[in-house]
Enquirer: 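Right, I'll just put the structure down here and ask away after.
Note that this is a predicted model, so its numbers are computed, not measured.
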Amino acid sequence: MANPNGCVAIYPGTFDPLTNGHVSLVRRALKIFGTIIVAVAADSGKTPLFSRDERVAIAEEVFGDEPQVMVEGFDGLLVNYVEKRRADVIVRGLRAVSDFEYEFQLALMNRRLKRHIETVFIMTDYRWLYISSTIIKEAVRLGGDIRGLVPRLVLERLCERYGVPLPRGPVEGE
């Protein structure tokens, strides 16, 4: 059940590709915040596999049945985007201690730039601790079966992009 709280939170990232860890974090954040804006970054210093428009379209389709989730692309400084959207909070996911150090630095810089914007960290569900978009892409590129780690739509797009067959049969471990 979605939280009736009117607070708007921004969940930024490249989402290249969107994983079940990202989806889980958004759905869990909805228990705390009234609206989540999945903000798909154009400029992250990474070279994405999918264009920003493709990543936005994928996320829109994945969250299409969730009226409290909006998806938008953005570029430039995150805190400026957050302020423009009149949001209250930046939501970030943490998988491991290594994530914390980097995310802590970002949160402190964001706080320095715009003191009124808060950052809230949500721990990743234990099922998704070991996955990242980078690991997912590498596994697919080398022919690995990632079913159950990404939404079906993402699996199809990744297999198409890398020119590998779509895995068939039951998902191992589920």
Enquirer: Spell out, yes or no, whether Trp128 and Leu30 are grouped together once hydrophobic residues are joined by side-chain heavy atoms under 4.5 Å, including indirect joins.
Expert: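 Result: yes, single cluster for both.
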Enquirer: For the atom pair OG1 (Thr19) and CD1 (Ile136), what is the distance rounded to the nearest 0.5 Å?
Expert: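 Atom-to-atom, Thr19:OG1 and Ile136:CD1 are 6.5 Å apart.
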Enquirer: Would you compute the distance between atom CG of Leu49 and atom OG of Ser133 and round it to the nearest 0.5 angstrom?
Expert: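 So the gap between those two atoms works out to 10.5 Å.
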Enquirer: Can you establish whether the number of heavy atoms outside Met109 located under 6.0 Å from its atom CE is more than 12?
Expert: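 Atom CE in Met109 is not packed in, count stays at 12 or less.
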Enquirer: Could you give me the CA-CA distance, side-chain angles and deciding distance for Glu54 and Arg161, then say whether salt bridge (Lys or Arg N to Asp or Glu O under 4.0 Å) is met?
Expert: CA-CA 12 Å; Glu54 288 173 313; Arg161 183 63 45 102; 2.6 Å; yes
Enquirer: Closer than 3.5 angstrom, by distance alone: can the side chain of Asp125 be matched with the main-chain N or O of Gly21 as a donor-acceptor pair?
Expert: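 No: the side chain of Asp125 does not pair with the backbone of Gly21.
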Enquirer: Under the 3.5 angstrom rule, does the side chain of Arg95 hit a backbone N or O of Ile131 as a donor-acceptor pair?
Expert: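 Yes, Arg95 side chain to Ile131 backbone: donor-acceptor pair under 3.5 Å.
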Enquirer: Taking the side chain as C-beta and beyond, is there a heavy-atom pair between Thr14 and Pro48 under 4.5 Å?
Expert: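 The answer is no, as the side chains (C-beta and beyond) never meet within the 4.5 Å cut-off.
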Enquirer: Kindly indicate whether the side chain of Val91, heavy atoms from C-beta on, has any atom under 4.5 Å from the side chain of Phe33.
Expert: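 Yes, side chains in contact.
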Enquirer: In the single-linkage hydrophobic clustering (I, L, V, M, F, W, Y; side-chain heavy atoms under 4.5 Å), do Ile122 and Leu108 co-cluster?
Expert: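 Per the 4.5 Å side-chain linkage, Ile122 and Leu108 are not co-clustered.
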Enquirer: Look at the side-chain heavy atoms of Ile, Leu, Val, Met, Phe, Trp and Tyr, link any pair under 4.5 Å apart, and say whether Phe50 and Leu166 land in one connected group.
Expert: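 Same hydrophobic cluster.
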Enquirer: Let me see the working for Glu160 and Arg157 under salt bridge (Lys or Arg N to Asp or Glu O under 4.0 Å), right down to the final yes or no.
Expert: CA-CA 5 Å; Glu160 180 182 310; Arg157 298 277 171 87; 5.5 Å; no
Enquirer: A quick test of your reading: do over 12 heavy atoms of other residues, nucleotides or ligands sit less than 6.0 Å from CZ of Phe104?
Expert: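 Open: at most 12 neighbouring heavy atoms sit under 6.0 Å from CZ of Phe104.
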Enquirer: Go through the steps to decide whether Val120 and Ile90 satisfy the test side-chain contact (heavy atoms from CB on, under 4.5 Å), and finish with yes or no.
Expert: CA-CA 6 Å; Val120 172; Ile90 297 168; over 6 Å; no
Enquirer: Let's go through Asp16 and Lys137 carefully: what are the C-alpha distance in whole Å and the side-chain angles of both, what is the deciding distance for salt bridge (Lys or Arg N to Asp or Glu O under 4.0 Å) to 0.1 Å, and is it a yes or a no?
Expert: CA-CA 8 Å; Asp16 185 49; Lys137 288 185 287 194; 2.9 Å; yes
Enquirer: Can you check whether Leu153 reaches Ile58 side chain to side chain, under 4.5 Å on heavy atoms?
Expert: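 Side-chain contact under 4.5 Å: yes.
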Enquirer: So, Arg28 side chain and Met123 main chain: donor-acceptor pair closer than 3.5 Å or not?
Expert: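 Flag set: sc Arg28 to bb Met123 pair under 3.5 Å.
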Enquirer: Please check if atom CD in Glu61 has more than 12 non-hydrogen atoms from other residues, nucleotides or ligands closer than 6.0 Å.
Expert: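 Atom CD in Glu61 is not crowded, with 12 or fewer foreign heavy atoms closer than 6.0 Å.
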Enquirer: Please say yes or no: joined through hydrophobic side-chain contacts below 4.5 Å, possibly via intermediate residues, are Val164 and Val150 part of one cluster?
Expert: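 Yes, Val164 and Val150 fall within the same hydrophobic cluster.
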Enquirer: Just so I know, are the side chains of His22 and Pro17 near enough to count as touching, which here means a heavy-atom distance under 4.5 Å?
Expert: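 No, every pair of side-chain atoms sits at 4.5 Å or beyond.
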Enquirer: Looking at Ala41, is its backbone amide N or carbonyl O close enough to the side chain of Arg55 to form a donor-acceptor pair, meaning the two atoms are under 3.5 Å apart?
Expert: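 Checking the backbone N and O of Ala41 against the side chain of Arg55, a donor-acceptor pair under 3.5 Å is found.
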Enquirer: Under the side-chain contact (heavy atoms from CB on, under 4.5 Å) rule, what do Arg147 and Leu155 come out as? Steps first, then yes or no, please.
Expert: CA-CA 7 Å; Arg147 287 176 300 155; Leu155 175 64; 3.3 Å; yes
Enquirer: In Å, rounded to the nearest 0.5 Å, how long is the span from CD of Glu60 to CG of Asp53?
Expert: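 Between atom CD of Glu60 and atom CG of Asp53 there are 9.5 Å.
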Enquirer: Are Glu118 and Asp88 close enough, and set up right, to give a side-chain contact (heavy atoms from CB on, under 4.5 Å), and what steps lead you there?
Expert: CA-CA 7 Å; Glu118 298 293 339; Asp88 307 300; over 6 Å; no
Enquirer: With the side chain counted from C-beta on, respond yes when Ile10 and Arg85 share a heavy-atom pair under 4.5 Å apart, and no when they do not.
Expert: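 Answer yes - side chains close enough.
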Enquirer: Are Glu138 and Leu142 packed together at the side-chain level, in the sense that at least one heavy-atom pair is separated by less than 4.5 angstrom?
Expert: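 Of all side-chain heavy-atom pairs linking Leu142 with Glu138, at least one is under 4.5 Å.
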Enquirer: Nearest 0.5 Å, what's the CG-CG distance between Asn80 and Asp75?
Expert: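 Those atoms lie 11.0 Å apart.
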Enquirer: More than 12 non-hydrogen atoms from neighbouring residues, nucleotides or ligands closer than 6.0 Å to OH on Tyr162, yes or no?
Expert: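 Yes, the 6.0 Å shell around OH holds more than 12 heavy atoms from other groups.
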Enquirer: Do Thr35 and Met70 come within less than 4.5 Å of each other through their side chains, counting heavy atoms only?
Expert: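 SC-SC contact between Thr35 and Met70 confirmed.
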Enquirer: Got Ile37 and Val8 here, is their nearest side-chain heavy-atom distance under 4.5 Å?
Expert: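 Result yes, sub-4.5 Å side-chain heavy-atom pair found.
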Enquirer: Apply the test side-chain contact (heavy atoms from CB on, under 4.5 Å) to residues Thr119 and Val89: give CA-CA distance (whole Å), side-chain angles for both, the deciding distance (0.1 Å), then the verdict.
Expert: CA-CA 6 Å; Thr119 299; Val89 174; over 6 Å; no
Enquirer: Checking ring pair (Phe, Tyr, Trp, His ring centres under 6.0 Å) for the pair Phe15/Tyr11: CA distance, chi angles, key distance, verdict?
Expert: CA-CA 10 Å; Phe15 306 109; Tyr11 179 38; 5.2 Å; yes
Enquirer: Find out if a path of hydrophobic residues (ILVMFWY) with successive side-chain heavy-atom gaps under 4.5 Å connects Leu113 to Phe74.
Expert: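 Yes, same cluster.
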Enquirer: Among Val82, Ile117, Val79, Leu77, find the one that has a side-chain contact (heavy atoms from CB on, under 4.5 Å) with Asn110.
Expert: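 When Val82, Ile117, Val79, Leu77 are each tested with Asn110, the side-chain contact (heavy atoms from CB on, under 4.5 Å) holds only for Val79.
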